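Every heavy atom of this structure was used, including side-chain atoms; hydrogens, water molecules and symmetry mates were not. Keep in mind that what you see is a predicted model, and the values were worked out from it rather than measured.
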Amino acid sequence: MIFEADYNKKTIFSFEVFPPKKTDAIDTVLKTLDELKGLSPDFISVTFGAGGSANCDNSVAIAKHIKDVCGVESVIHMPCLNMTRQEAQYVLEQFQQAGIDNILALRGDKVEGKEPSNEFLHASDLIEFIKAFDSKRTDGKYFKIFGACYPELHPQSKDVFEDIDYLKQKVDAGASHLLSQLFFDNEQFYRFLERCQMKGINVPIEAGIMPATNKKSIERMVSMTNAVLPKKFTDMMERYGDHPDAIRDAGIAYAIDQIVDLVTHGVSGIHLYTMNNPFVARRIYEATKSLFDVPPIL
């Protein structure tokens, strides 16, 4: 089914998972999903094959499992930078055959040693392609298209104004729901929402939260996203970063604090980057679950 929600009645709570490495069995992710489904997510998104290749069998299988076995709506990522239009057509046909209705349309990252196809330069190009694909379907269905957004400056953008212009293009092309990149400073997200409102971007925007439970992985993600790090966060990483149990607990507490503040301020939803760790997701869910059912202030 197409994912739909009444944002006037509740705050959306969703997860992201990723497929296993080529050397790992898919069963490891399926076990994670069996635990996550009990946390009442509104949907679970699954990332795409490495490098954005058209070989996405594991991602499709996981998205189908989320929907058919877990009974939770799934959203599958689709990065386009390294795809040709023929490959994109093939991928959409795979989604259609698997009964997957929701796509997160992404530009994706460049892959070292591989030249982009240059057939999709921006996510908005892919969104237009998906819309054209939908117009030719004979099954009476269509894809719901999600888009990604950056609360802080995208590493390849000149400024926040260029960022917001590109985001408006995605929405105008057909993205009806946005998931944000991770951030650790809520004030950055609130300023981003103000820019969206001024630009006439009025679709639901979920705040992307990644619990800082591992120092090396967070440092890697921050280097890729240029996320602003408040002093409270850097102090936490410095104090507990070399102590695995301590940084896990501190990172969970920091994420919970972010979520409480965001939901209190009436965000459309929280998209939790689980890193395939159901223990961390459960800790956060149990600490915040009652907040999501309180009707937002209109």
*Asks:* Enumerate the ring pair (Phe, Tyr, Trp, His ring centres under 6.0 Å) contacts for residues 204-226, please, sequence neighbours excluded, ordered by first and then second residue.
*Replies:*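 Matches after skipping sequence neighbours: none remain.
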*Asks:* Which label fits Phe13 and Phe15: parallel for a plane angle under 30°, tilted from 30 to 60°, or perpendicular past 60°?
*Replies:*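 Perpendicular.
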*Asks:* Between Arg283 (side chain only) and Ala253 (backbone N and O only), is there a donor and an acceptor less than 3.5 Å apart?
*Replies:*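 Pair absent, no side-chain N/O of Arg283 close to backbone of Ala253.
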*Asks:* Please determine, by modelled atom types, if Glu93 and Gln89 share a side-chain donor-acceptor pair under 3.5 angstrom.
*Replies:*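 Checked: Glu93/Gln89 side chains pair up, N/O donor to acceptor below 3.5 Å.
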*Asks:* Tell me every residue that passes ring-ring contact (aromatic ring centres under 6.0 Å, His included) with Phe18, counting only those two or more places apart in sequence or in another chain.
*Replies:*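 Once residues adjacent in sequence are excluded, Phe18 has no partner under the ring-ring contact (aromatic ring centres under 6.0 Å, His included) criterion.
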*Asks:* Would you please name every residue forming a ring-ring contact (aromatic ring centres under 6.0 Å, His included) with Tyr273, sequence neighbours left out?
*Replies:*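 For Tyr273 the ring-ring contact (aromatic ring centres under 6.0 Å, His included) partners, ignoring immediate neighbours, are His271.
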*Asks:* Within the side chain of His65, is there an N or O that forms a donor-acceptor pair under 3.5 Å with the backbone of Ala61?
*Replies:*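 Checked: no pair found.
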*Asks:* Taking Asp185 for its side chain and Pro230 for its backbone only, find out whether a donor-acceptor pair lies under 3.5 Å.
*Replies:*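 No, the answer is negative, given that no donor and acceptor are paired below the 3.5 Å cut-off.
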*Asks:* Counting distance only, does the side-chain N/O of Thr84 pair as donor-acceptor with the main-chain N or O of Glu87 below 3.5 Å?
*Replies:*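 Yes.
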*Asks:* Once you round to the nearest 0.5 Å, how far does OH of Tyr254 lie from CD1 of Ile247?
*Replies:*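 Spacing of OH (Tyr254) from CD1 (Ile247) equals 11.0 Å.
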*Asks:* Do the side chain of Ser180 and the main chain of Gly208 share a donor and acceptor less than 3.5 angstrom apart?
*Replies:*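 Side chain of Ser180 to backbone of Gly208, a donor-acceptor pair under 3.5 Å: yes, one is there.
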*Asks:* Look at the side chain of Ser117 and the backbone N and O of Met83, then say whether any donor-acceptor pair between them is shorter than 3.5 Å.
*Replies:*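 Looks like yes, one N/O pair under 3.5 Å.
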*Asks:* Tell me if a side-chain donor or acceptor on Gln188 pairs with a main-chain N or O of Glu152 at a distance below 3.5 Å.
*Replies:*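 No: the side chain of Gln188 does not pair with the backbone of Glu152.
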*Asks:* In sequence, state the C-alpha distance, the side-chain angles, and the governing distance for Glu286 and Arg282, and then conclude on salt bridge (charged side-chain N to carboxylate O under 4.0 Å, His left out).
*Replies:* CA-CA 6 Å; Glu286 290 176 347; Arg282 179 172 292 279; 3.7 Å; yes
*Asks:* How close do Asn276 and Pro278 get, heavy atom to heavy atom, and via which atoms?
*Replies:*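 Answer, listing the atom of Asn276 first, then Pro278: O-CD, 3.3 Å.
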*Asks:* Please find the pair of heavy atoms, one from Ile12 and one from Ala5, that lie closest to each other, and give the distance.
*Replies:*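 Heavy atoms of Ile12 and Ala5 come nearest at CD1-CB, 3.4 Å.
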*Asks:* Heavy atoms only: give me the nearest Val29-Pro20 pair and the separation to one decimal.
*Replies:*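 Result for this residue pair: CG2-CD, 3.5 Å.
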*Asks:* Of all heavy-atom pairs between Ser59 and Thr47, which one has the smallest distance, and what is that distance?
*Replies:*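 Ser59 and Thr47 have their closest heavy atoms at OG-O, 2.8 Å.
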*Asks:* Taking atom CE of Met221 as the centre, report whether more than 12 heavy atoms of other residues, nucleotides or ligands fall under 6.0 Å from it.
*Replies:*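 It does: Met221 CE has more than 12 such atoms within range.
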*Asks:* Do other residues, nucleotides or ligands put more than 12 heavy atoms under 6.0 Å from the CD atom of Gln86?
*Replies:*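 No - once you tally the heavy atoms of other residues, nucleotides and ligands closer than 6.0 Å, there are 12 at most.
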*Asks:* Give the intermediate values and the outcome of side chain to side chain contact (heavy atoms under 4.5 Å, CB included) for residues Glu73 and Asp42.
*Replies:* CA-CA 7 Å; Glu73 200 52 64; Asp42 290 286; over 6 Å; no
*Asks:* Could you give me the CA-CA distance, side-chain angles and deciding distance for Ser74 and Val46, then say whether side chain to side chain contact (heavy atoms under 4.5 Å, CB included) is met?
*Replies:* CA-CA 8 Å; Ser74 62; Val46 54; 5.7 Å; no
*Asks:* To the nearest 0.5 Å, what is the distance between CG (Leu272) and CD (Glu16)?
*Replies:*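 The CG atom of Leu272 sits 9.5 Å away from the CD atom of Glu16.
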*Asks:* A cation-pi test, strictly: NZ or CZ of Arg107 under 6.0 Å from the centre of the six-membered ring of Phe120 and no more than 45 degrees from its axis. Yes or no?
*Replies:*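 Ring-cation test returns no.
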*Asks:* What's the shortest heavy-atom distance between Ile130 and Ala105, and which atoms?
*Replies:*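 Heavy atoms of Ile130 and Ala105 come nearest at CD1-CB, 4.3 Å.
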*Asks:* Measure the spacing between CG of Asn102 and NZ of Lys67 and express it to the nearest 0.5 Å.
*Replies:*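 Separation between the atoms: 7.5 Å.
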*Asks:* One thing to verify: whether Asp139 and Arg137 come together as a salt bridge, which I'm taking to mean a side-chain N less than 4.0 angstrom from a carboxylate O.
*Replies:*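 Looking at Arg137 and Asp139, the cut-off is met.
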*Asks:* Step by step, would you call Arg195 with Asp163 a salt bridge (charged side-chain N to carboxylate O under 4.0 Å, His left out)?
*Replies:* CA-CA 10 Å; Arg195 293 195 296 273; Asp163 261 356; over 6 Å; no
*Asks:* Given 3.5 Å as the limit, does a donor-acceptor pair link the side chain of Asp134 with the main chain of Phe143, or not?
*Replies:*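 Checked: pair present.
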*Asks:* For atom CZ of Arg239, decide whether the heavy atoms of other residues, nucleotides or ligands shown that lie under 6.0 angstrom number more than 12.
*Replies:*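 Atom CZ in Arg239 is not packed in, count stays at 12 or less.
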*Asks:* Which atom names give the shortest non-hydrogen contact between Gly174 and Ile127, and what distance separates them?
*Replies:*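 Closest approach of Gly174 to Ile127: N-CG2, 3.7 Å.
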*Asks:* Checking the side chain of Tyr285 only, and the main-chain atoms of Gly38 only, is there a donor and an acceptor separated by less than 3.5 Å?
*Replies:*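 Checked: no pair found.
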*Asks:* Give me the ring orientation class for Phe3 and His177: parallel if the planes are under 30° apart, tilted from 30 to 60°, perpendicular past 60°.
*Replies:*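 Because their plane-to-plane angle is over 60°, the rings of Phe3 and His177 count as perpendicular.
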*Asks:* Please report the interatomic distance CG(Leu39) to CD1(Ile284), rounded to the nearest 0.5 Å.
*Replies:*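 Taking CG in Leu39 and CD1 in Ile284, the distance rounds to 10.5 Å.
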*Asks:* Is the Lys NZ or Arg CZ of Lys170 less than 6.0 Å from the centre of Tyr166's six-membered ring, within 45° of the axis?
*Replies:*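 No, Lys170 does not sit over the ring of Tyr166.
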*Asks:* Give, for atom CE of Met198 and atom CD1 of Ile164, the distance between the pair rounded to the nearest 0.5 Å.
*Replies:*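 So the CE of Met198 and the CD1 of Ile164 are separated by 10.0 Å.
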*Asks:* Could you tell me if the ring centre of Phe95 sits under 6.0 Å from that of Phe133?
*Replies:*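 No: the rings miss the under 6.0 Å criterion.
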*Asks:* Does the pair Val60 and Gln97 meet the rule for a side chain to side chain contact (heavy atoms under 4.5 Å, CB included), with working shown?
*Replies:* CA-CA 10 Å; Val60 171; Gln97 291 168 9; over 6 Å; no
*Asks:* Counting distance only, does the side-chain N/O of Asp109 pair as donor-acceptor with the main-chain N or O of Leu81 below 3.5 Å?
*Replies:*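 Looks like no, no N/O pair under 3.5 Å.
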*Asks:* With a sphere of 6.0 Å drawn around OH of Tyr142, does it hold more than 12 non-hydrogen atoms of other residues, nucleotides or ligands?
*Replies:*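 Not more than 12 within 6.0 Å, no.
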